[in-house]
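Start at 1 and go down the list; that is how both ligands and their atoms are numbered.
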Amino acid sequence: MSEAIIKNPPIPNNYGTEFLCFDRGENSTLYDISGKSYIDFAAGIAVNALGYKNDRIIKVATEQLKKIMHTSNLFTTRPVLELAELITAASPLTDKKKKERTEPYFTAVHFGNSGTEANEAALKYARIYAKRSKKDHGTGFLALENCFHGRTMGALSVTYSKKYKDPVAPLIDGTDFIPMNDISALEASDPSKYAAFILEPIQGEGGLRQITKDYAEAVNTYCRNNDIILIADEVQSGIGRCGTIFASEQFGLEPDIITLSKPLAGGLPLSATLLPKKINDLVQVGDHGSTFGGGPVQCAVAAEIWKVVIEPGFLGQVKLTSNYFETKLDSFVDEFDFIEEQRGRGMLRGLALKNPEGLPTLIQSARDQGLIVLRSGTNILRMAPPLTIDHADLDKGLGILHTVLSALK
Ligand SMILES: Cc1ncc(COP(=O)(O)O)c(C=O)c1O
């Protein structure tokens, strides 16, 4: 057994009892403490968008660390303000059907530390809107089957999997789950019950299923007609992962709140809950808060990453890489009978296995041969490499994957 495998460390059993211990990384290559290298198709679960040891991130973080590291949210700093400006400026011009809107739809950004916190905040803001904007509005939530929104009690309440919920139930009640892309089920849902509809345009943990454009339009209409807050959880799909800043844009989804986290600060903990004026106008001092959320170092790094992602050419390159990735994975679907289909979009890709039982072995063999991959749902081999992965590393990783798949034939 490799010296890089650490057994039974004093870490809760949530993640198992054996850990591969990494030492360092360079762009899309990781090195464990024994010096063995791995191509990284996981990016810390879709987090390290600009890879490891990125010069721009290191420079910005170091400069900010030397200036000021923390102030709490009773005060603010330039990086926080700059990031909030960048994010709101990139936001859609809202309801495109109402042509008179020209200003960005999102006018405020609530910063937290993690995806679950971003969603926790979104649910709270939706309830604040429901309670303060009108008389008899419902406070419940609508969500999709197989969705994953996080592990704190609120976000877990709107998460589908019973496996995560049952051990800690009871949770917040009042959430209904409906099947994705089933417009009849949506229209049959009693809108008077809900403050918000929360959904992932592409389900990251739950199997990489995507909403259709027709469904997005039906959801827009349902939420707009009933004044229900539409929350797009883009914690995994956002900030270029699927080829655009927000994946919602690609489906025509028009959310009232967007939540972002994983790649936002490239590996430092940070989340953003984007709010429109109609909600922010109702927020009062003390409604929500966080000691650490949106610290100056995280925000300085996130602002730099945001600037990289919106630089002309960056997303174009991501598209070229992802097209190549898609073509190669399609060829695996053709070659191996035990693969049902390819799922995903952009640099968030999956191979759906016909038989889920083979998945753990596949992930383990890939790792043994120097490739880190992920799982999604029960039968999906998920891949989310750094957006900056180069062709040589992508090919190397795909080569390892091909060898591992061939062994299963
Ligand atoms: C879509 C989505 N929402 C929320 C979360 C929760 O994020 P975190 O683990 O940072 O709390 C995740 C994490 O995988 C996610 O994929």
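- Among protein heavy atoms, the minimum distance from atom 16 (O) of ligand 1 is reached at Q236 NE2, 2.7 Å.
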Worksheet item: Between H149 and F141, does a side-chain contact (heavy atoms from CB on, under 4.5 Å) hold up when you go through it step by step?
Response: CA-CA 12 Å; H149 297 297; F141 300 112; over 6 Å; no

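- For atom 3 (N) of ligand 1, the closest non-hydrogen atom of the protein is D233 OD2, 2.7 Å.
- For atom 7 (O) of ligand 1, a protein non-hydrogen atom is found at a distance below 4.0 Å.
- The protein heavy atom nearest to atom 11 (O) of ligand 1 is T116 N, 2.8 Å.
- A side chain to side chain contact (heavy atoms under 4.5 Å, CB included) with F197 is found for one member of L144, V158, I231 and no other, namely L144.
- Just one residue in the list D176, N226, D227, T175 forms a side chain to side chain donor-acceptor pair (under 3.5 Å) with Y194, and that residue is D176.
- Backbone and side-chain nitrogen or oxygen atoms of E205 are examined, and one is located within less than 3.5 angstrom of a nitrogen or oxygen of ligand 1.
- Residue contacts with ligand 1: E200 is placed with no nitrogen or oxygen under 3.5 Å of a nitrogen or oxygen of the ligand (distance criterion only).
- Ring geometry for H110 against H288 counts as parallel: the plane angle stays under 30°, on a 0 to 90° scale with 60° as the upper cut.
- In this structure, G204 has no heavy atom closer than 4.0 Å to ligand 1.
- Within the 4.0 Å heavy-atom shell around ligand 1 one finds K262.
- In this structure, N119 counts as a contact residue of ligand 1, since one of its heavy atoms falls inside 4.0 Å of the ligand.
- The pair D256-R224 does not count as a salt bridge, with every side-chain nitrogen at least 4.0 angstrom from each carboxylate oxygen.
- Distances between N or O atoms of E117 and those of ligand 1 include no value under 3.5 Å.
- Each of R151, R382, R375, K163 was compared with E205 under the salt bridge (charged side-chain N to carboxylate O under 4.0 Å, His left out) criterion, and only R382 meets it.
- R78 has no carboxylate O lying under 4.0 Å from a charged side-chain N of E85, or vice versa, which leaves the two without a salt bridge.
- Among all non-hydrogen protein atoms, the one lying nearest atom 10 (O) of ligand 1 is G115 N, 2.8 Å.
- Between K36 and D32 there is no salt bridge, since no side-chain N of the basic residue sits under 4.0 Å from a carboxylate O of the acidic one.
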